[in-house]
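Structure first, then comments.
What's counted below: heavy atoms across the whole structure, side chains too, no hydrogens, waters or symmetry copies. Lettering of chains follows the sequences in order, A, B, ..., and the numbering in each one begins at 1.
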Amino acid sequence: MSADTSQEQGPSGAGNNFLRNLIAEQIATGEHAGPVVTRFPPEPNGYLHIGHAASICLNFGLAEHFNGACRLRFDDTNPDAEDQEYIDSIQADIQWLGFEWEGDVRYTSQYFAALYDYALYLIDAGLAYVDELSPEQIREYRGTLTEAGTNSPYRDRDPAESRAMFEAMACGEYAEGTASLRAKIDMASGNINLRDPVIYRIRNKAHHQTGDTWCVYPSYDFAHGQSDAIEGVTHSICTLEFEDHRPLYNWLIEQLPVPAQPVQYEFARVNLNYTVTSKRKLRRLVDEGIVDGWDDPRMPTIAGIRRRGYTPASIRAFCDMVGVSRSGGTVDTAVLEHAVRDDLNPSAPRAMCVMDPLKVVITNWDEDRVETLTASGHPDRDDLPERKLPLTREVYIEKADFREAANKKYKRLVLGKKVRLRNAYVIEAHDVVKNAAGEVVEVHCTYDPDTLGDNPADGVKPKGVIHWVSASHGKQALVRVYDRLFSVENPAREADLLDGLNPLSLEMYAGCWIEPGLADVAPETRVQFERTGYFVADRYDHAPGAPVFNRVVALRDTWAKIEQRGA
RNA sequence: UGGGGUGUCGCCAAGCGGUAUGGCAACGGGUUUUGAUCCCGUCAUGCGCAGGUUCGAUCCCUGCCACCCCAGCCA
């Protein structure tokens, strides 16, 4: 792959971003020599979401572009929150997105011994000390945003004593919260991260990777940069909120005898409207049963988006369209939706599904007659298999596709008017049957036998085309129609997150009729139900003979707009 | 009366001294047995505001304003 950034741009200059330009310049000027090494460093305390996808595309994309390497490193420094379930899901999500990390999976925990030695080094150098202030006291001593902090009375403890104490802490001789190791920097710094940050704390708890080996665990700040250095990461990319940590990151790299000098760069995280991308909030939705789990199709998690039916390519395209910058913003979900439609339109086979059925009886069609029509699998492709569509006397159409009377803007079936059954004949409605409540429950039509592939003899081409499924030969399916989980643009701003929930985020259609060929597709098969939207056979709930489809996204709907304006 | 950032069309994002670029959305129109797709067209005399430097500034300087992040022994 070429490192020429003027090449390989997709729409909107996809792939080109300030970091790519920066690295290209570093290479051009010789400021950076050797391979570009990045890493994706998730903490295994939750599922990956769409924001992580941006980071994954960035880190892996940069490595690929510069012929370097990107590794996966679990940033597992806090045994309290982490779990193997997340380690597994994160790996599966990255692979599903289509990225491959170099070498084995790494864990920050595999460097605990080295990190411990670095801590000792800092202590011996008089640059770290064991503090016996309680967490509350540490907070008080830290000062405020506008007032300098106060030195801990333990700040000038003799290094030898700190070393002995730290070693004892590591052996489990101290209770949690009774002591911590702090870097000795500057309690008066305007940057609070430099006010003697805690770099090691006691956790008398088993770690998912290291078991009971350790009773002290390094903080993010102490572990991250040093792990980067150990691994030879050259460009350590993180989000904007870590900007304030960069001076600390650099301070540690400078003070410690690390084998390399990684540099931290920050970019703005991606926010999407009508949803939340905070692990804490997502976890709440899961824990309180608001959704069906981390992979509920309404969740902005990679697993949820996957189950919703989005493709890896569409998510990568989305990340390219959104770009990478340092100015935080909120992207419209319409961009995500555009990305899937754009990917699915050329690839998804077409099919018909009636979701809200209304029976149509073709009165001039013999009771037992079954005509098997063929339909193209895709309007623009002849390489996809053709479909067999049995047409019978009784078929179902959508309730919304029939009106007893309507104005000219309504291009569907109207009493006394003609419409084409998609891939079949033109029919004309003559009569309706109503129930006691006055609702139309049946429409009687006649078909024109000369209209298969032709316009009616009178030369008047019906304006509308509607989809249908044979009442006797169609199959039933459960279709779930998903909508945004929140009805407000920024749910995080609500007094309570749940206040912004969209009550109609999931609608179940139990009595749908699908064309017969669709009942036995494999899970995760994506199709377009013509005139309706893109759908996917559910990854878990769909089974041959018991079809369950999720709506990925609706088709663009110009009619809905016209209708809203009052048709 | 702390520190660090960011401000270019409704939303993202390029441009980084030579007279505003792309995507999404929106709005017109054409093709169409999906009111889909596709195609064509419209959409910032202005780049947070005010000054200054310059032949010329979104890009440089100064001063304001707005918004975001930071006071976990979370990451």
What I want to find out is whether A:E43 reaches A:K279 closely enough, with some N-O distance under 4.0 Å, to be called a salt bridge. no

For A:R531, is there an ion pair with A:D401 - N to carboxylate O distance below 4.0 angstrom? yes

Pairing string, 5' to 3', for RNA chain B - Watson-Crick or wobble contacts under 3.5 Å, brackets [ ] where pairs cross, | to another strand: .(((((((.[[[..)..(...]]].(((((.......))))).....[[[[[..)....]]]]])))))).....

With sequence neighbours left out, which residue pairs that include part of residues 187-201 of chain A fulfil the salt bridge (Lys or Arg N to Asp or Glu O under 4.0 Å) condition? A:R155-A:D196

Applying the ring-ring contact (aromatic ring centres under 6.0 Å, His included) criterion to A:Y116, which one of A:W214, A:Y111, A:F222 satisfies it? A:W214

Extract from the structure each pairing of a protein N or O with an N or O of nucleotides 66-68 of chain B at less than 3.5 Å, listing the distance.
none

Over-ring placement of A:R484 relative to A:Y274, 6.0 Å and 45° cut-offs: yes

Quick one: side chain to side chain contact (heavy atoms under 4.5 Å, CB included) partners of A:D557, sequence neighbours excluded? A:W559, A:A560

Does any residue of residues 127-142 of chain A have a heavy atom under 4.0 Å from RNA chain B, and if so, which ones, in number order? A:L133, A:S134, A:P135, A:I138, A:R139, A:R142

Need one value for A:G453: base, sugar-phosphate or nothing, where a base atom within 4.0 Å counts as base even if backbone is also close, heavy atoms only. base

Contacts of type ring-ring contact (aromatic ring centres under 6.0 Å, His included), residue A:H49, not counting sequence neighbours: A:H52

For A:T558 and A:Y425, take the nucleotide of RNA chain B holding the closest heavy atom to each; which residue's nucleotide lies nearer the 5' end? A:Y425

